[in-house]
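Bear in mind the structure is a predicted one, so any value in this text is a computation, not a measurement.
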Amino acid sequence: MATFQGSALREALNGISGILVTPFDANDTVSPGPLAAVVDRAVGAGVHVLVANGNTSEFYGLREQEAARMVHVAAEYVAGRVPLLAGVGRSVHEACALAATSREAGADALMVHQPPDPFVSPRGVVSYVRSIAEAGQGLPLVLYLRNENIGLAAIEALCRIPEVVGVKWASPTPLVLAEAIRRTADRGLAWVGGLAEVWAPSFYAVGARGFTSGLINVMPERSVAIHRALEAGDYALSMRLIGEMLPFEELRAQENNGTNVTVVKSALALMGNDCGATRAPSAWPLTDAQQQRLRELMSGWGLAR
C-alpha cells in the first residue's frame, strides 16, 4: 500500500525526483540487485522522491513485464523511506495495466509519460490520462510533459483531472510554464522542473519547485546541495554547484542525447556499482574519448575506483 499521501506527497514533490536506472546483466536480462546500493545512497543523501520506470530507467526499452517487475523491486528497496513514483505509458492498455500493477506494488503516485504517438490529439490525451486515473483507483498522478504542443487549454484540462497532483515540465520554455502555473493556480499543484539540475534555476524563477535528476544515481549529494541552495534563494551558489557538474551533463547530452543513460551507467561501473549496459537505441558503449573524459571527471570527484 502507498505510504505517502496528501500534503506529505505534495511537499516531497517540491524536492528532488530521482530517476532510477534499470540494471541489466551480461545477457541483457533485468538484474535488479545493484539498484539497492543506488537507492540507499540516494535516500541517505536526502533525495526526496524516487522514480521507477522513468526515462533514465530506459522505460521505452523495457518489456511490459520488466517494467512491472521494476516497480515491485523499487518499492521493496525504497521500503517506504521516501515516496515512490511509478512511470506508466505507451499504449493506453499497457499504461492502465502498469498503473494497476504499480498500485499493487505500493507506489505512492503514478508518473504519466506524455504519449509519443504521432497522432496525439489534445482531447485524446485527456481521455488517455483519465483512463489511467481510473485504472490507478485513486492513486495521485504526476503528468510528464516533454513539450507543450497539445496547447495550454489541453494542459489546463489535464491539470484539472482530480487525481493530478503535479506536473513534471520537461520543455525548455519557462515563460509557457509560468502561464500554465498561472492558469491552474487554484489547484495547488506541484510543478517540477523536468530538465534536471541545469534548468532548475530558470524554472524556480517562474514558480516551479523541485527538479528531476538522473545524477542522483551517481552523486546524490550534489543534487541535494543544489536543491538546498535554490530553496535558500542562493542562486549564485546553485549556479556554481551546477557549473561544477556541468561537464557530466554535457557528456550525457552528446549524440542527440543518446548518451544520457550511457554516461550514468558507465559512471556507476567506474564506482564499482555496475548496473550493466544500456539498450538500443541508446548509445553503448561510450567512445574511447567519452570514456576517458568521464574517467577524468569521476577521478576528480573522488568517485572512480
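Under 3.5 Å, the side chains of Ser91 and Glu94 contain a donor-acceptor pair of N or O atoms. Between the side chains of Thr212 and Ser17, no donor-acceptor pair is found at a separation under 3.5 Å. When only modelled atom types and interatomic distance are considered, Ser171 and Thr173 share a side-chain donor-acceptor pair under 3.5 Å.
Linking Ile, Leu, Val, Met, Phe, Trp and Tyr whenever their side-chain heavy atoms come within less than 4.5 Å leaves Val49 and Leu35 in two separate clusters. Leu9 and Val88 are not part of a single hydrophobic cluster, where members link through side-chain heavy atoms under 4.5 Å apart. Both Trp199 and Ile242 are assigned to one and the same hydrophobic cluster, defined by single-linkage of ILVMFWY side chains at heavy-atom distances under 4.5 Å. With hydrophobic clusters built from ILVMFWY side chains whose heavy atoms lie under 4.5 angstrom apart, Leu143 does not share a cluster with Val192. Residues Val224 and Ile226 share a single hydrophobic cluster, defined by chaining ILVMFWY side chains whose heavy atoms lie under 4.5 Å apart.
Going from atom CZ of Phe211 over to atom CG of Leu230 covers 6.5 Å, rounded to the nearest 0.5 Å. A distance of 9.0 Å separates CD of Gln5 from CG of Leu139, quoted to the nearest 0.5 Å. The CG atom of Leu270 sits 5.5 Å away from the CG atom of Leu294 when rounded to the nearest 0.5 Å. The CG atom of Leu241 sits 12.5 Å away from atom CG of Leu246, with the distance rounded to the nearest 0.5 Å. For the atom pair Arg209 CZ and Ile181 CD1, the distance stands at 9.0 Å (nearest 0.5 Å).
Annotation: side chain to side chain contact (heavy atoms under 4.5 Å, CB included) contacts of Gln137 (sequence neighbours excluded): Arg103. Not counting sequence neighbours, the partners of Glu179 by the salt bridge (charged side-chain N to carboxylate O under 4.0 Å, His left out) test are Arg182, Arg183. Residues forming a side-chain hydrogen bond (donor to acceptor under 3.5 Å, both in side chains) with Gln254 (at least two apart in sequence, or on another chain): Gln290. Under the salt bridge (charged side-chain N to carboxylate O under 4.0 Å, His left out) criterion, Arg293 pairs with Glu296, not counting sequence neighbours.
In this structure, Glu156 pairs ionically with Arg160, as a charged nitrogen and a carboxylate oxygen lie closer than 4.0 Å. Between Arg222 and Glu197 there is no salt bridge, since no side-chain nitrogen of the basic residue lies less than 4.0 Å from a carboxylate oxygen of the acidic one. Checked for salt-bridge contact, Asp117 and Arg90 miss the test: no charged N lies under 4.0 Å from a carboxylate O.
Listed by first then second residue, pairs satisfying ring pair (Phe, Tyr, Trp, His ring centres under 6.0 Å) with a partner in residues 105-151 read Phe59-His113, Tyr60-His113, His113-Tyr144, not counting sequence neighbours.
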*For Val21 and Lys265, run side chain to side chain contact (heavy atoms under 4.5 Å, CB included): C-alpha distance rounded to whole Å, both residues' side-chain angles, the deciding distance at 0.1 Å, then the answer.*
CA-CA 8 Å; Val21 297; Lys265 282 192 164 181; 4.3 Å; yes
*Do Glu66 and Thr29 pass the side chain to side chain contact (heavy atoms under 4.5 Å, CB included) test, and can you show the C-alpha distance, the side-chain angles, and the key distance before you say yes or no?*
CA-CA 9 Å; Glu66 291 174 328; Thr29 300; 6.0 Å; no
*Assess whether side chain to side chain contact (heavy atoms under 4.5 Å, CB included) is satisfied between Met298 and Val218, documenting all intermediate values.*
CA-CA 10 Å; Met298 297 291 288; Val218 176; 3.9 Å; yes
*Might you work through the side chain to side chain donor-acceptor pair (under 3.5 Å) test for Glu58 and Thr22, ending with a clear yes or no?*
CA-CA 7 Å; Glu58 300 179 76; Thr22 299; 5.9 Å; no
*How far apart are the C-alpha atoms of Trp191 and Thr184, what are their side-chain angles, what is the distance that settles it, and do they pass the side chain to side chain contact (heavy atoms under 4.5 Å, CB included) test?*
CA-CA 11 Å; Trp191 291 87; Thr184 58; 3.2 Å; yes
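The minimum heavy-atom distance between Ala42 and Leu50, with the atom names listed, is CB-CD2, 4.0 Å. Looking at every heavy atom in both residues, Gly136 comes nearest to Ala99 through N-CB, 4.2 Å. Between Leu286 and Gln291, the shortest heavy-atom contact is CD1-OE1, 3.4 Å. Here the shortest heavy-atom pairing between Leu189 and Gly166 reads CD2-N, 4.2 Å. In plain terms, the two heavy atoms of Ala178 and Val206 that are nearest each other are CB-CB, 3.9 Å. Closest non-hydrogen pair, Leu251 versus Thr259, comes out as O-OG1, 2.6 Å.
Panel note: side chain Arg187, backbone Ile161; a donor-acceptor pair is recorded below 3.5 Å. Proximity of a side-chain donor or acceptor of Arg146 to a complementary backbone N or O of Ala170 within less than 3.5 Å is not detected. Judged by distance alone, the side chain of Asn273 and the main-chain N or O of Leu268 form no donor-acceptor pair under 3.5 Å. A donor-acceptor pair under 3.5 Å links the side-chain atoms of Arg252 to the main chain of Asn260, judged by distance alone. Side-chain atoms of His48 never come within 3.5 Å of backbone atoms of Ala12 as a donor-acceptor pair (strictly under, hydrogens ignored). For Arg130 (side chain) and Leu158 (main-chain N/O), no donor-acceptor pair under 3.5 Å exists by modelled atom type. A distance-only check finds no donor-acceptor pair linking the side chain of Arg295 to the backbone of Ala304 [under 3.5 Å]. Without hydrogens or angle criteria, Ser238 side chain to Tyr235 main chain gives a donor-acceptor distance under 3.5 Å. Under the 3.5 Å distance criterion, the side-chain polar atoms of Ser131 are matched with a main-chain donor or acceptor of Ser127. Side-chain N or O atoms of Thr101 include none that pairs as donor or acceptor with a backbone N or O of Leu98 at under 3.5 Å.
Pro172 is listed as a side-chain neighbour of Leu195, based on a closest heavy-atom distance under 4.5 Å. Val167 has its side chain out of reach of Leu177: every pair of non-hydrogen atoms, C-beta onward, lies at least 4.5 Å apart. For the pair Val43 and Val47, the minimum side-chain heavy-atom distance is 4.5 Å or more. Here the side chains of Pro140 and Leu110 are not in contact, with every heavy-atom distance at 4.5 Å or above. Taking the side chain as every heavy atom from C-beta outward, Leu297 and Met245 never approach each other to under 4.5 Å. Side-chain contact between Glu244 and Trp301: absent, with no pair of heavy atoms (C-beta onward) separated by less than 4.5 Å. The shortest distance between side-chain heavy atoms of Met219 and Arg41 does not fall below 4.5 Å. In this structure the side chain of Pro32 reaches within 4.5 angstrom of the side chain of Met70, judged on heavy atoms.
Around the CG atom of Asn256, the shell of radius 6.0 Å holds no more than 12 heavy atoms that belong to other residues, nucleotides or ligands. The number of heavy atoms from other shown groups lying within 6.0 Å of CZ (Arg279) is above 12.
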Tabulate below the donor-acceptor pairs under 3.5 Å that side-chain atoms of residues 79-87 make, not counting sequence neighbours, or state none.
| from | atom 1 | to | atom 2 | distance (Å) |
| --- | --- | --- | --- | --- |
| Arg81 | NE | Val78 | O | 3.0 |
| Arg81 | NH1 | Asp40 | OD1 | 3.2 |
| Arg81 | NH2 | Asp40 | OD1 | 2.8 |
| Arg81 | NH2 | Tyr77 | O | 2.8 |

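Between Leu20 and the choices Asn53, Asn217, Val73, the side chain to side chain contact (heavy atoms under 4.5 Å, CB included) rule is met once, by Asn217.
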